[in-house]
Colleague: 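Got a structure for you, questions after.
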Amino acid sequence: MPVEERVATRGRLWQECGGPRGGGWAGLCSWNGPGGRRSRRKGRVCFWPARPGRREDSPSGGQSGRPVTVAAGGCGFLGEHVVRMLLQREPRLCELRIFDLHLGPWLDELKTGPVRVTAIQGDVTQAHEVAAAVAGTHVVIHTAGLVDVFGKASPETIHEVNVQGWPSVTCCGSPWTWGRKHMPSSTFGMGRRKKLQLGHSPPPHLLPSPGTQNVIEACVQTGTQFLVYTSSMEVVGPNVKGHPFYRGNEDTPYEAVHRHPYPCSKALAERLVLEANGRKVRGGLPLVTCALRPTGIYGEGHQIMRDFYHQGLRLGGRLFRAIPASVEHGRVYVGNVAWMHVLVARELEQRAALMGGQVYFCYDKSPYKSYEDFNMEFLRPCGLRLVGTRPLLPYWLLVFLAALNALLQWLLRPLLLYAPLLNPYTLAVANTTFTVSTNKAQRHFGYEPLFSWEDSRTRTIRWVQGVESSSQ
């Protein structure tokens, strides 16, 4: 039986996972209490009940045409906020499927809400698992991906998860080979219907289909018509040459040189998503896609913010300035990024001709500051201080230390994981101004930040203080 047919109705999937016939919709997940049972399949699937009196949904559109949405990567940092935002701000939602490799225990609190929540444990690199999760849905919000600029994962793994898994000539090998055989650098200016010119496609025999390609193919095979992809500002830059991007928009020309596995993989994945716009899905309708490019995201659950906080505690409540205060970066609160995803998913059907194949920067009213000065907006109220009005170490010494870290990481990788915060890529990004100023999202689908800077700051400080309490 084709995989999409196996999940066309909830009843058939329930029976396949070992649930009793006519036994109701008790959970199949281990966190659902003593009555829960683990599926015999590799992944776990948990159905939480809709309110009494609801009738079963049609496979393609939900109850009475109300949408069924998949949040791929719904248990990640951004994914969790997208899930909560959908449940709070999308009144038409019939069912929300949360697809992730690691399901969080916080999902248990969602089972009592008015929307049917389906938690599916699966791997985005496994085509059959993605297709099973996507079948019978209306829109996919694809936030799943491996965000790694510190070298915790191999370049091959980053490429497999984020793109489609062919051996990459742009992202593999030692730090000394990254970029030597990169695709031609591009001038990014995403005007209407322009395609990203990142180089030539690989040979057909190098095209297995994990990662983002799986999500696209699942939409095509199962008839899901709308795909919202979480891209990144790093698709554009900052580039390794240190060229500033000052108050740019989606059409601002900029030379994007990808030499690090993460931005390389995001650029390729974004290209796949945008070029898939207009493909015919099962049933004959066109696939409608768009990509969102958040600037540096901050907010509750941000791991790097947590790491900086703990680093400051280890250094006696101090952090030492390494970046000039004159360097500016655009940052965006995670709640506003989640809100933009919800708006796009809501408006994509009605404005397909306008929004299909487009990219949008994710931004809000957060101030432009260096990474260090911006982080201190949250860390200073928690007792940390930033030492120095100028960098305490000269830039050439930071370059040397970053290169040394990269060499040590490469030499030690067969033996142990060495992933320092400072490497050539993070140093280049932190020292290059990159700020956006655009109203494209407002013009196309009415985006306005849901959270003000003051509210975003207060919420993040409260979260850091919670981290402080839990660490004591």
Side-chain angles (χ1 to χ4, degrees), residues 1-19 25 27-29 38-48 56-62 67-76 78-80 82-83 86-87 93-104 107 110-111 115-146 160-162 164 209-230 269 273 276 281-282 287 289 341 345:
M1 181 183 296
V3 67
E4 59 268 20
E5 293 182 13
R6 293 208 306 268
V7 292
T9 65
R10 294 163 58 233
R12 275 180 285 179
L13 185 55
W14 164 259
Q15 292 174 7
E16 182 182 276
C17 291
W25 293 104
L28 287 173
C29 294
R38 195 177 292 268
S39 168
R40 294 187 181 92
R41 301 175 64 191
K42 176 183 177 182
R44 291 180 296 168
V45 182
C46 176
F47 290 111
W48 289 311
E56 290 302 312
D57 303 333
S58 65
S60 59
V68 178
T69 298
V70 176
C75 291
L78 173 60
E80 179 179 346
V82 170
V83 164
L86 281 165
L87 295 174
L93 190 63
C94 175
E95 179 185 354
L96 176 59
R97 299 181 188 175
I98 302 169
F99 179 79
D100 207 300
L101 186 59
H102 304 287
L103 299 179
L107 291 171
L110 307 181
K111 66 182 180 182
V115 176
R116 181 183 301 113
V117 176
T118 307
I120 305 173
Q121 186 178 45
D123 188 342
V124 75
T125 68
Q126 301 301 311
H128 65 285
E129 295 181 11
V130 178
V134 169
T137 63
H138 186 71
V139 59
V140 176
I141 299 178
H142 177 29
T143 67
L146 182 55
E160 180 183 19
V161 173
N162 290 351
Q164 60 181 54
S209 58
T212 297
Q213 185 65 39
N214 274 345
V215 177
I216 296 169
E217 295 303 323
C219 291
V220 172
Q221 294 166 13
T222 64
T224 300
Q225 194 182 356
F226 303 101
L227 172 59
V228 181
Y229 173 64
T230 307
V273 170
V281 304
R282 183 177 183 180
L287 178 64
T289 70
H341 280 72

Colleague: For the pair D100 (side chain) and C75 (backbone), establish whether a donor and an acceptor sit closer than 3.5 Å, ignoring hydrogens and angles.
Modeller: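 Yes; at least one donor-acceptor contact below 3.5 Å.
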Colleague: For a 4.5 angstrom cut-off between non-hydrogen side-chain atoms, does V140 reach F226?
Modeller: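 Not touching, per the 4.5 Å side-chain cut-off.
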Colleague: Should V124 and L101 count as side-chain neighbours, where that means a heavy-atom distance under 4.5 Å?
Modeller: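 The answer is no, as the side chains (C-beta and beyond) never meet within the 4.5 Å cut-off.
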Colleague: Counting C-beta onward and ignoring hydrogens, is there a side-chain heavy-atom pair between T125 and V130 closer than 4.5 Å?
Modeller: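 Side-chain contact under 4.5 Å: no.
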Colleague: Has T137 got a side-chain atom pairing as donor or acceptor with T224's backbone, closer than 3.5 angstrom?
Modeller: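 Side chain of T137 to backbone of T224, a donor-acceptor pair under 3.5 Å: no, none is there.
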Colleague: Measure across A71 and V83 and return the closest heavy-atom pair with its distance rounded to 0.1 Å.
Modeller: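 A71 and V83 have their closest heavy atoms at CB-CG2, 3.9 Å.
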Colleague: Do I98 and V70 come close enough that some side-chain heavy atom pair is under 4.5 Å?
Modeller: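 I98 does not reach V70 side chain to side chain.
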Colleague: Any donor and acceptor pair, going by atom type alone, linking the side chain of T289 with main-chain N or O of L227 inside 3.5 Å?
Modeller: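 No, T289 side chain to L227 backbone: no donor-acceptor pair under 3.5 Å.
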Colleague: Could you tell me the separation between the CG atom of L103 and the CD atom of Q121, rounded to the nearest 0.5 Å?
Modeller: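 Rounded to the nearest 0.5 Å, the CG-CD separation comes out at 5.0 Å.
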Colleague: Has the side chain of R97 got a donor or acceptor atom that lies under 3.5 Å from a matching backbone atom of T118?
Modeller: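 No, the answer is negative, given that no donor and acceptor are paired below the 3.5 Å cut-off.
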Colleague: Rounded to the nearest 0.5 Å, what separation is found between the SG atom of C219 and the CD atom of Q225?
Modeller: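 Between C219 SG and Q225 CD, I get 10.0 Å after rounding to 0.5 Å.
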Colleague: Using the test side-chain hydrogen bond (donor to acceptor under 3.5 Å, both in side chains), find all partners of T230 that sit at least two apart in sequence or belong to another chain.
Modeller: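 By the side-chain hydrogen bond (donor to acceptor under 3.5 Å, both in side chains) rule, T230 matches H341.
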Colleague: What's the shortest heavy-atom distance between R282 and Q221, and which atoms?
Modeller: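 Looks like CD-O, 3.1 Å.
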Colleague: Between V281 and T222, is there a side-chain heavy-atom distance shorter than 4.5 Å?
Modeller: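 Side chain of T222 against side chain of V281, heavy atoms only: no contact under 4.5 Å found.
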Colleague: Which pair of heavy atoms, one from A133 and one from F99, lies closest together, and at what distance?
Modeller: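 Minimum heavy-atom separation between A133 and F99: CB-CD1, 3.5 Å.
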Colleague: To the nearest 0.5 Å, what is the distance between OG1 on T143 and OH on Y229?
Modeller: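 Output value for this atom pair is 10.0 Å.
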Colleague: How about L93 and T69: do any of their side-chain heavy atoms sit closer than 4.5 Å?
Modeller: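 Answer yes - side chains close enough.
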